[in-house]
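In what follows, chains carry the letters A, B, and so on, assigned in the order in which the sequence lines appear, proteins first and then strands, with residues in each chain numbered from 1.
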Amino acid sequence: MIFLNAILVAGTLAASIPLIIHLLNRSRFKVVDWGAMHLLESALKINSRRVQWQAWLLLFLRMMIPAVLALCLARPVLTAWRTAAGGNGHSVVIVIDNSLSMEAASDEGSCLDKAIAQASSIVSRFGPATETTILTAGGGVVDQTSGATMDSKRAFASAARCARWSRSSRNR
Amino acid sequence: MLTKLVPKIRRRGLLVLISDCFDDVDQLLRALSYFRHTRNDVVVFQIWDPDELEFPFSGRTQFQSLELASHTRLLDSSLLRKSYLENLAKYRAALAAGCGKQKIDLISCTTDQPHATLLASYLAARSRQA
């Protein structure tokens with residue numbers, strides 16, 4: 001989790017205010033002369049534990065209110081769910097130039113084939129939690145993965161499709 | 001103490017008990033039954049403090065016993081109010097039921113009411129019935 005207004009997390013210290021008020025109030029009480037002590041004792045006997053945990057629960061809730069308010073004002077953002085176990089999440093955007101000039105041949109095949117191989121190598125270098133987007137920028141920018149994908153097999157398939165798309169579209 | 005009075009009463013009469021009745025209910029009713037068995041009429045004026053009936057306290061309160069100075073209880077009144085009032089209702093119901101069974105009149109009154117006037121009204125009503 002990250003906080004967009006991290007400095008406001010310090011506001012959780014306000015949770016101590018109800019505790020301080022509670023401790024101060026412990027020393028302040030009203031004294032009442034009472035005749036019906038037996039009624040009070042029997043009520044306490046039945047409910048002593050319940051009265052105690054109710055008092056603790058009330059104090060806890062009073063402390064949580066300013067703490068939760070401070071955390072909300074700090075604008076938390078959950079990022080943990082996007083990270084798979086064993087890897088830090090990355091976002092990778094690969095732009096492949098599939099214009100006509102990339103058809104130039106070399107010893108290892110055309111420049112486009114080399115670019116696709118390098119793109120596949122880049123995809124394989126990152127962990128399973130990587131978001132990959134493959135764009136081709138020959139005649140215009142085309143999103144080959146249809147948005148970011150975390151599926152590496154789909155990313156590889158999209159990279160391979162770049163070559164076929166450029167050749168087949170030129171043969172039409 | 002009440003049972004010690006029974007042999008001293010030689011003629012049938014009316015026993016008027018003015019008390020808070022803050023004692024064991026069964027013991028009190030047993031003592032009053034001795035008077036009923038000797039064919040005396042009994043009326044109980046139970047005196048309450050209005051605060052004992054309403055329990056209007058909130059926040060931390062120290063209850064100091066009127067009977068024993070060392071007997072005190074410091075607690076949060078608002079958390080205990082509901083149980084206290086339930087207990088009070090049960091106690092009053094038990095006393096009323098016990099008095100009803102023995103045909104003992106039970107009249108509840110508070111400390112801010114003039115007892116003499118209440119007693120006079122009761123006796124007047126009794127005379128009219130007789």
Sort by residue number and list every residue of residues 86-107 of chain B having at least one heavy atom under 4.5 Å from chain A.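 Hits under 4.5 Å: Asn87(B), Leu88(B), Tyr91(B).
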Please check if Phe29(A) and Leu79(B) belong to a single hydrophobic cluster, counting links between Ile, Leu, Val, Met, Phe, Trp and Tyr side chain heavy atoms closer than 4.5 Å.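 Per the 4.5 Å side-chain linkage, Phe29(A) and Leu79(B) are not co-clustered.
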Hydrophobic cluster identity match, Leu14(B) and Leu119(B), side-chain contacts under 4.5 Å: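 Linked, Leu14(B) and Leu119(B) end up in one cluster.
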Side chain, backbone, both or neither of Leu74(B) within contact of chain A (heavy atoms, under 4.5 Å):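 When you check distances to chain A, only side chain atoms of Leu74(B) fall under 4.5 Å.
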Do Trp34(A) and Leu66(B) come close enough that some side-chain heavy atom pair is under 4.5 Å?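 The answer is no, as the side chains (C-beta and beyond) never meet within the 4.5 Å cut-off.
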Roughly how far, to the nearest 0.5 Å, is the CG atom of Leu39(A) from the OG atom of Ser83(B)?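 Here the interatomic distance stands at 12.0 Å.
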Count I, L, V, M, F, W, Y as connected when their side-chain heavy atoms are under 4.5 Å apart, and connections chain through other members. Are Val42(B) and Val25(B) then in the same cluster?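 Yes, one cluster joins them.
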May I have the step-by-step check of side chain to side chain donor-acceptor pair (under 3.5 Å) for Glu41(A) and His71(B), ending in yes or no? CA-CA 11 Å; Glu41(A) 293 290 348; His71(B) 189 186; 2.7 Å; yes
Same cluster or not: Phe22(B) versus Leu40(A), using hydrophobic residues (I, L, V, M, F, W, Y) connected whenever any side-chain heavy atoms lie under 4.5 Å apart?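 Cluster IDs for Phe22(B) and Leu40(A) match.
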Determine which residues belonging to residues 43-65 of chain B lie within contact range of chain A, meaning some heavy atom pair is under 4.5 Å apart, and list them by number or answer 'none'.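 Checking residues 43-65 of chain B against chain A gives Trp48(B), Asp51(B), Glu52(B), Phe55(B), Phe57(B), Arg60(B), Thr61(B), Gln62(B), Phe63(B), Gln64(B), Ser65(B).
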Which atoms of Leu75(B) come close to chain A, meaning under 4.5 Å heavy atom to heavy atom: side chain ones, backbone ones, both, or neither?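 When you check distances to chain A, only side chain atoms of Leu75(B) fall under 4.5 Å.
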Hey, which of Leu68(B), Asp76(B), Leu80(B) has the most heavy atom pairs under 4.5 Å with chain A?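 Option with the top pair count is Leu80(B).
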Please check if Leu61(A) and Leu69(A) belong to a single hydrophobic cluster, counting links between Ile, Leu, Val, Met, Phe, Trp and Tyr side chain heavy atoms closer than 4.5 Å.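 As far as the 4.5 Å side-chain criterion goes, Leu69(A) and Leu61(A) are not connected within one cluster.
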With side chains defined as the heavy atoms from C-beta onward, is the minimum distance between Val31(A) and Thr72(B) less than 4.5 Å?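 In short, these two side chains do not touch, never coming nearer than 4.5 Å.
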